[in-house]
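For reference, the structure is listed below as structure tokens.
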Protein chains: 2
Amino acid sequence: MTNTTLKKISEILGISVSTVSRALKHHPDISVKTREKVIELARTLDYEPNANAVQLRTKNSKLLGLMVPTISNYFYETFIAAVEEDARKNGYAVMILQSGNDPLIESENLKLFRQNRVSGVFVCLSSNTKDLSSFEKMFDLEIPVVFFDNVPQESGVHKICLADEKSAQLAAELILQHPYQSILAIFGNPALSITKKREAALKNAFQAHPHISLLIEHANSSEEAKLVCHEMLNKHLPDIIFCMSDEVLIGVLKTIQEKGLRYPDNIALLTISNGTIPRLFHPQITYIETSGEKLGKAAFAHMLNCMQTKIEPTELLVDAVLFNGGSL
Amino acid sequence: MTNTTLKKISEILGISVSTVSRALKHHPDISVKTREKVIELARTLDYEPNANAVQLRTKNSKLLGLMVPTISNYFYETFIAAVEEDARKNGYAVMILQSGNDPLIESENLKLFRQNRVSGVFVCLSSNTKDLSSFEKMFDLEIPVVFFDNVPQESGVHKICLADEKSAQLAAELILQHPYQSILAIFGNPALSITKKREAALKNAFQAHPHISLLIEHANSSEEAKLVCHEMLNKHLPDIIFCMSDEVLIGVLKTIQEKGLRYPDNIALLTISNGTIPRLFHPQITYIETSGEKLGKAAFAHMLNCMQTKIEPTELLVDAVLFNGGSL
DNA sequence: GTGAAAGCGCTAACAT
DNA sequence: ATGTTAGCGCTTTCAC
């Protein structure tokens, strides 16, 4: 079988292609009878417009691009799910590509987006991306780019982030409400914008409390976090461990379980997470919520704005809230 | 700025569009000098072919469709990541859509795939889909459909599954190697093909061992699994709990932790999983591996075959292997 | 070895 | 109210 086209319909009905096209769009010029005849036949033949032809002609597609380092990640997957859902409701489809944190692949993916004439792209930068040179062409072509989560430092672009500073502040406040004296804080890849922001905010919050010992470490993966944590705990048992992310938390939890430590009795735990992992354990881990879903919804809404009217580059924040598990 | 087209290049070089097109494709007719001139200019102008125009003309796109009930799922996310990666390496992009287990949305998504002229689609059926009527048009149009994970019962379609029967058999064998006398087996949604297969295989394996008590329950979500498990444990403490999936396992683990039970001391645990969740805990949970990654790679390879040559509908299996944690 | 021309399916300005 | 025409960017047959 082959696809129904406007031409086919027009031939059967003995009218012109343009009349068919207009009728299907409820153009006011077309007479009611013609319109109904056309729509009826289109339905029986199950007419489905060729998106490629439409895009070629009109220059705007109902396709959006979305790029993340990897899809299989507790946070991105909820972000993607949220964007896809809202996109669907608005008639858009989403083309998803992974960079694997490789700037070269990132650049090629942008090219793929362009070739497929996406109307806009969501990007979470690869951790190894040094500058925005590969994005220049997107800007030139005026394809809206909304950066999320790991965003560039440059201003003048659309960014939408979790309230990184605030979430670290919230964490600090919560810690200060307890009599903890020594803190081990483990962060992720120091090259990421989220790492920098969270780390700076946490440090800053403890500036006024010099009597509290704050030890900061970094780990690029769960495995590294596990090792780092092991090492640190062998030297000294802190009152509380703060984890910047799920990746870190997973490593820390392994170490804690292996060492037979129990929280909150032997040690307290606090993390920043979307909640999936913290809620898996018992007691649940207390966390500052960073919702991929909220971020996704906000990002899509912003994209819609960008596509409708040229708006100034903005930096949006999605608020952070505390979820009280039982880990401190 | 606007996109570079063949026409633009041809005008600058004072040659025809067709020559430019051929030169870019290394057509043997074109002289070396012309070819190099063209390629060089194309590079400086950063020429990127318009995928929509190409598809319109040639009728084949480098776009694949992929539909799952939801992206945010431990298993699907690795499947998707694997498919996307291999697709990328072969010059394909992937359009991802979620059905939310709604047959209506599923049908609309198929339409979206068609309109965007995908060259093939991967589908994990929604749990509420009763028949393949919405897929008829795909078959008519000869767009290859590769079903995976939750596949239709009908024969005559491409299916690629985990070795569901074998994984349940493996589980049974492992259980029988221990002196366990009472088993609680919790399965997922009974409407799913994977549930049916796994359940039948497990039951079957214990047919020859009537002295062993096998209690079977169902749960459609982690929360339900938690409740079911609570209820069951209140009545009687089995020697081992078998979980059909991560969803079930998560609920079971919550109940076990809440009740202060310890595995493998008080109760043994066995699950089917891709490993992410089982490895989070300590001791790690023993599981039969169902790798979304392997399935994804196999599915993509099969899709490539389908697209190159018309092959007979086949049912492929991805093997199951045992990972020994410490939970029994 | 290169060009002219047709056409994929659609839309929209311009007739009539 | 409807048809004619042109053209989006590309590929490909046919001609020279």
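All values derive from a computational prediction rather than experimental measurement. Naming convention: chains lettered A, B, ... in sequence-line order (proteins, then strands); numbering from 1 in each chain.
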| query | Are OP1 or OP2 of D:dA1 and a side-chain N or O of A:Thr34 less than 4.0 angstrom apart? | reply | no

| task | Round to a whole Å and report the spacing from NZ of B:Lys62 to P of D:dC10. | result | 17 Å

| task | Kindly assign one of parallel, tilted or perpendicular to the pair A:Tyr76 and A:Phe148, based on the angle between their ring planes and the thresholds 30° and 60°. | result | perpendicular

| request: Ignoring backbone atoms, establish whether B:Lys59 has a side-chain N or O less than 4.0 Å from OP1 or OP2 of C:dG9. | output: yes

| field | Comparing B:Arg22 and B:Asn50 on DNA chain D - which has the more 5′ nearest nucleotide | value | B:Asn50

| request: May I have the distance from B:Leu13 (atom CG) to C:dG3 (atom C1'), rounded to whole angstrom? | output: 15 Å

| A:Arg117 CZ - D:dC8 P separation (whole Å) | 13 Å

| message | So if I take every side-chain heavy atom of A:Ser16 and compare against C:dT2, C:dC8, D:dG3, which nucleotide ends up nearest? | response | D:dG3

| query | Which sits closer to the 5' end of DNA chain C, A:Thr58 or B:Ile15, going by the nucleotide each is nearest to? | reply | B:Ile15

| query | Rounded to the nearest Å, what distance is computed from the CG atom of residue A:Asn60 to the C1' atom of nucleotide C:dA12? | reply | 14 Å

| query | Please give, in whole Å, the distance from D:dT2 P to A:Leu6 CG? | reply | 16 Å

| Do we see a donor-acceptor contact under 3.5 Å between the side chains of B:Glu106 and B:Thr129? | yes

| request: Look at the side-chain N and O atoms of B:Ser18 and state whether any lies under 4.0 Å from the OP1 or OP2 oxygen of D:dT12. | output: no

| remark: Walking DNA chain C from its 5' end, the first of B:Leu56 and B:Val32 to be reached, judged by nearest nucleotide, is B:Val32

| task | Select one nucleotide: of C:dG3, D:dA1, C:dC10, the one nearest the side-chain heavy atoms of A:Asp29. | result | D:dA1

| said: Against the six-membered ring of B:Tyr92, is B:Lys62 placed for a cation-pi contact (under 6.0 Å from the centre, within 45° of the normal)? | reply: yes

| task | Identify whether any heavy atom of B:Ser21 sits under 4.0 Å from a base atom; if not, whether one sits that close to sugar-phosphate; answer base, sugar-phosphate or nothing. | result | base

| query | Which of the following nucleotides, C:dG9, D:dG3, D:dT2, is nearest to the side chain of A:Ala53? | reply | C:dG9

| message | Side chains of B:Ser21 and B:His27 only: does a donor on one sit below 3.5 Å from an acceptor on the other? | response | no

| Given C:dT2, is OP1 or OP2 found less than 4.0 Å from the side-chain N or O atoms of B:Thr19? | no

| request: Could you please name the option among C:dC10, D:dG9, C:dC8 that lies closest to any side-chain atom of A:Val54? | output: C:dC10

| request: Rounded to the nearest angstrom, tell me the gap between atom CZ in A:Arg114 and atom P in D:dG9. | output: 17 Å

| query | Would B:Lys89 and B:Glu85 pass as an ion pair if we require N to O under 4.0 Å? | reply | yes

| query | Should A:Thr5 be listed as having a side-chain N or O under 4.0 Å from OP1 or OP2 of C:dC8? | reply | no

| Residue pair B:Asn274 / B:Ser291, side-chain donor-acceptor N/O under 3.5 Å | no

| In whole angstroms, how far is the P atom of C:dG9 from the NZ atom of A:Lys8? | 9 Å

| query | Rounded to whole angstrom units, what separation is found between the NE2 atom of B:His27 and the C1' atom of C:dT2? | reply | 10 Å

